[in-house]
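For ligands, and for the atoms within them, numbers begin at 1 and follow the listed sequence. Remember, predicted model here, so these are calculated numbers, not experimental data. Numbers here are sequence positions counted from 1.
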Amino acid sequence: DTVKGDAALKLGVVSLFPEMFDALTQHGVSGRAVREGIIDIGFWNPRDYATDRHRTVDDRPYGGGPGMLMKVDTLRAAIRDARQSLMSEDGVPPKVIYLSPQGRVLDHTGVRELADHGRLVVVAGRYEGIDERVIDADIDEQWSIGDYVLSGGELPAMVLMDAVARMVPGVLGHAQSAEEDSFADGLLDCPHYTRPESIDGHGVPPVLLSGNHQEIRKWRLKQSLGRTWCYRPDLLEDRMLTKEEQTLLDDFIREYVA
Ligand SMILES: Nc1nonc1C(=O)NC1CCNCC1
């Protein structure tokens, strides 16, 4: 598979199960971005590099113990081809990422950093993982989506790729990108409401029905600040608040503890 064209984001995926990535390429905003050529995704399957009759892609660990590792020669060949295909015209190589619990935990800051790079090869491991010497020689950065163990790197790869894709101009419609602002500037999202106006007797906050856009903006910002203060105060620790934000948060806390 090759990645060509002038897409804003070029992705190469090394995986034994490329069909899993249909979840990203065949659906939703990411699917549209791929269809429209805003994002290019190429796939390289280590199994395509196997030369033995059984097309072996796993190998036994030195030192024994349970589980297998990804076979080195087929994995390295796939990474090499993906890396070469994503090399830019002026020879700038892509950033090669390996998903594993040993990696830096992905957050909004990390997503922005990765999106800014523009060309990424994402290596999805299976089995117990990959040989440490391949990590040292072929992987630029290790990333984790959280502290739990999954069966493969494909779901983590898709989480990372989806979050990065949403950073690319044109992937989200203007309306949605505006909506992204709440978390984009380090706050939790505000509550959302749609029809019907009453659900089991529970109504909609009147300000949202008022048509007063300034008041609606302030209400939503106050709710985002208040929810962040309640559920994720750690996010507020290293986030400067504007005077308006500080006032809105003080009001929220006053009402909350009243
Ligand atoms: N959490 C994770 N964030 O990125 N990758 C993660 C992960 O659990 N990978 C598995 C680890 C065991 N081998 C198969 C892959």
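- With ligand atoms numbered from 1 in the order given, ligand 1 contributes 4 (O), 5 (N) to contacts under 4.0 Å with heavy atoms of Leu99.
- With ring centers used as reference points, Trp44 lies 6.0 Å or more from Tyr49.
- The closest side-chain donor-acceptor pair between Gln214 and Arg217 falls under 3.5 angstrom.
- Ranking the protein heavy atoms by distance from atom 1 (N) of ligand 1 puts Tyr148 O, 2.9 Å first.
- Ligand-side atoms of ligand 1 in range of Ser151: 14 (C), range being under 4.0 angstrom from any heavy atom.
- Listed by atom number, the atoms of ligand 1 under 4.0 Å from Gly152 heavy atoms are 14 (C), 15 (C).
- Short contacts between ligand 1 and Pro156, defined as distances under 4.0 Å to a heavy atom of the residue, involve ligand atoms 4 (O), 5 (N), 6 (C).
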Please walk me through it: do Leu75 and Val123 pass side-chain contact (heavy atoms from CB on, under 4.5 Å)? CA-CA 9 Å; Leu75 175 62; Val123 179; 4.1 Å; yes
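- A continuous path of ILVMFWY side-chain contacts below 4.5 Å connects Ile253 to Leu187, so both sit in one hydrophobic cluster.
- Between Ile145 and ligand 1, a contact under 3.5 Å exists for at least one N or O pair.
- Applying the side chain to side chain donor-acceptor pair (under 3.5 Å) test to every pair with at least one member in residues 16-25, sequence neighbours left out, gives no pairs at all.
- At the top of the distance list for atom 9 (N) of ligand 1, counting protein heavy atoms only, stands Pro101 CD, 3.9 Å.
- Close contacts of ligand 1 with Gly146, meaning ligand atoms under 4.0 Å from a residue heavy atom, involve 1 (N).
- Pairs of residues two or more places apart, or lying in two chains, that qualify as side chain to side chain donor-acceptor pair (under 3.5 Å) and include a residue from residues 58-77 are Lys71-Asp73, Arg76-Asp138.
- Looking at atom 14 (C) of ligand 1, its nearest protein heavy atom turns out to be Tyr127 O, 3.4 Å.
- Judged purely by distance below 3.5 Å, without hydrogens or angles, the side chains of Glu244 and Thr242 never pair a donor atom with an acceptor atom.
- Closest to atom 10 (C) of ligand 1 among all protein heavy atoms lies Leu150 O, 3.3 Å.
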